[in-house]
Amino acid sequence: MIRFEGICKSFGGARAVNDVTLDVARGSLCALVGTSGSGKSTLLRLANRLLEADEGSIRFDGADVTNIPPVELRRRMGYVIQSVGLFPHWTVERNIATVPRLLGWPSARIDQRVAELLDLVGLPPGLHARRYPDELSGGQQQRVGVARALAGEPELLLMDEPFGAVDPPTRRGLQDSLMAIQKRTGTTILLVTHDVEEAIRLGGTLAVLDQGRLLQTGTPAQVLAQPATDAVARFFGGPLLGLNRLKALRVGDRAHAGAPSPGEGEPIDAEATLEAALARMVAEGRSRLPVRRLANGAPGVLDLADLVRP
Ligand SMILES: Nc1ncnc2c1ncn2[C@@H]1O[C@H](COP(=O)(O)OP(=O)(O)OP(=O)(O)O)[C@@H](O)[C@H]1O
């Protein structure tokens, strides 16, 4: 869907992005992660030509982005930033309708799209469509920002720290909504975050940047099991990397067949993370949990020892 090839970008002689080659497959979610100043936002802005690369090429659906007019490019790529940037004097529905209006959609189609998107991001249209941004909480504004970016049915959604400014429980709610939206719409997402937990939780592919260089790509489970460099290991927790790894693995990945014995407590879901399983074991003083259902449908068990298996 989008491929960065040998991309370099400098500001005043300092390399912000250094020879990055990265492929984001159609329908996937790729999280650009790395410490502050590693070049994540720059890479995102190069995708929609808010910035131009010094070297290398970016192909979007097979075409070099420099051959696509910026207006067309930004219509085909939704862009969500942390500060949201909603127009304060426009209602929620008018904000969301920005791109469809520019595209000249008939008003009935726009109204239908706005209502559908508000539902999708979990804001009932009857309650929210006519409100103004300053009548919404920060988390609700973020949801409107996501709806607005999706309005023109973009092929790619670029998100720069989209949930950076909201509290952790709201952030988790927004992450869940985003994952559900992606499942439903199949939109390709390239997202910037420096939050390790968010990067792991969203699943998909991680692309780890450090000082402008791409150090590693892979699923969270792969990257946390075998960090390519010390910088990657440090980013994912250093001495606590092992604990973060438990966030990237599911109970079903490690549980084994077995009949739970009486008194072993509530079964845990095979989809729960190993971190959640360990938390239950610690809280309940158990070294074994029954598992509701393995991939083959049979009940199973998870032992404390399963958590430390390679
Ligand atoms: N417009 C600009 N002019 C000059 N330098 C810039 C500009 N944009 C970015 N930089 C520099 O490029 C480097 C990479 O910045 P970038 O914003 O891409 O990093 P980041 O990984 O997104 O960081 P953060 O997580 O803090 O947002 C930094 O050293 C930054 O100071």
Side-chain angles (χ1 to χ4, degrees), residues 1-2 24-30 44-45 47-50 58-160 162-163 166 173-191:
M1 154 63 56
I2 188 160
V24 181
R26 184 178 298 277
S28 67
L29 186 153
C30 177
L44 212 63
R45 292 189 196 120
N48 64 3
R49 291 185 65 196
L50 287 174
I58 302 174
R59 300 190 83 77
F60 177 49
D61 205 15
D64 194 311
V65 293
T66 56
N67 293 330
I68 305 174
V71 171
E72 181 190 333
L73 204 59
R74 281 167 215 157
R75 180 175 61 69
R76 293 173 61 192
M77 297 182 186
Y79 187 47
V80 185
I81 52 175
Q82 184 176 320
S83 56
V84 193
L86 297 178
F87 303 115
H89 52 287
W90 283 0
T91 59
V92 163
E93 63 185 347
R94 177 103 195 260
N95 264 285
I96 296 174
T98 308
V99 172
R101 276 170 167 243
L102 286 173
L103 295 174
W105 289 12
S107 60
R109 183 172 169 209
I110 295 179
D111 292 347
Q112 191 192 346
R113 182 75 181 146
V114 168
E116 181 186 296
L117 283 164
L118 279 170
D119 272 332
L120 194 66
V121 298
L123 296 173
L127 291 177
H128 297 93
R130 299 283 161 83
R131 295 167 84 180
Y132 287 86
D134 68 359
E135 297 168 344
L136 303 176
S137 72
Q140 288 170 336
Q141 289 181 27
Q142 290 291 350
R143 289 175 189 269
V144 176
V146 172
R148 185 177 61 175
L150 287 168
E153 297 171 345
E155 295 150 66
L156 174 67
L157 190 56
L158 303 171
M159 310 183 89
D160 196 344
F163 313 134
V166 292
L174 288 164
Q175 290 162 353
D176 288 342
S177 299
L178 184 67
M179 289 188 279
I181 288 168
Q182 205 216 8
K183 221 173 176 177
R184 234 181 90 184
T185 61
T187 311
T188 311
I189 299 176
L190 182 58
L191 173 141

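In this text the structure is predicted, and so the values were computed from the model without any measurement.
Nearest heavy-atom pair, F163 versus V146, reported as atom, atom and distance to 0.1 Å: CE2-CG2, 4.4 Å. Residues Q142 and I81 come closest through the heavy atom pair OE1-O, 4.2 Å. In terms of heavy atoms, Y79 sits closest to L44 at CE1-CD2, 4.2 Å. What you find for A47 and V65 is that their closest heavy atoms are O-CG1, 4.0 Å. Nearest heavy atoms, P133 versus P88: CD-O, 3.6 Å. The two residues A151 and I96 make their nearest non-hydrogen contact at CB-O, 3.1 Å.
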Under 3.5 Å, which donor-acceptor pairs do the side chains of residues 68-78 form with other protein atoms, sequence neighbours left out?
unit_1	atom_1	unit_2	atom_2	d
E72	OE2	R76	NH1	3.2
R74	NE	N48	O	3.1
R74	NH2	N48	O	3.4
R74	NH2	R49	O	2.9
R76	NE	E155	OE2	2.7
R76	NH2	E155	OE1	3.0

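Interatomic distance, CE of M179 versus CG of L174, reported as 11.0 Å (0.5 Å rounding). Here E153 contributes atom CD and W105 contributes atom CH2; the two are 4.0 Å apart, rounded to the nearest 0.5 Å. Rounding to the nearest 0.5 angstrom, the gap separating the CZ atom in R143 from the OG atom in S137 is 8.5 Å. The distance from atom OG1 of T98 to atom CZ of F87, rounded to the nearest 0.5 Å, is 5.0 Å. The line from CD1 of I181 to CD1 of I189 is 7.5 Å long, rounded to the nearest 0.5 Å. One finds the CD atom of Q141 at 6.0 Å from the CG atom of L86 (value rounded to the nearest 0.5 Å).
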Worksheet entry | Worked verdict on Q140 versus V92 for side chain to side chain contact (heavy atoms under 4.5 Å, CB included) | CA-CA 10 Å; Q140 288 170 336; V92 163; over 6 Å; no
Worksheet item: Between L191 and L178, does a side chain to side chain contact (heavy atoms under 4.5 Å, CB included) hold up when you go through it step by step?
Response: CA-CA 11 Å; L191 173 141; L178 184 67; 3.9 Å; yes
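For R113, the salt bridge (charged side-chain N to carboxylate O under 4.0 Å, His left out) partners two or more places apart in sequence, or in a different chain, are E116.
Residues V114 and P125 form no side-chain contact, since every pair of their non-hydrogen atoms from C-beta on lies 4.5 Å or further apart. Using a 4.5 Å cut-off on side-chain heavy atoms (C-beta onward), H128 and V144 make no contact.
Judged as a salt bridge (charged side-chain N to carboxylate O under 4.0 Å, His left out), the pairs with a partner in residues 125-142 (not counting sequence neighbours) are, in order, E93-R130.
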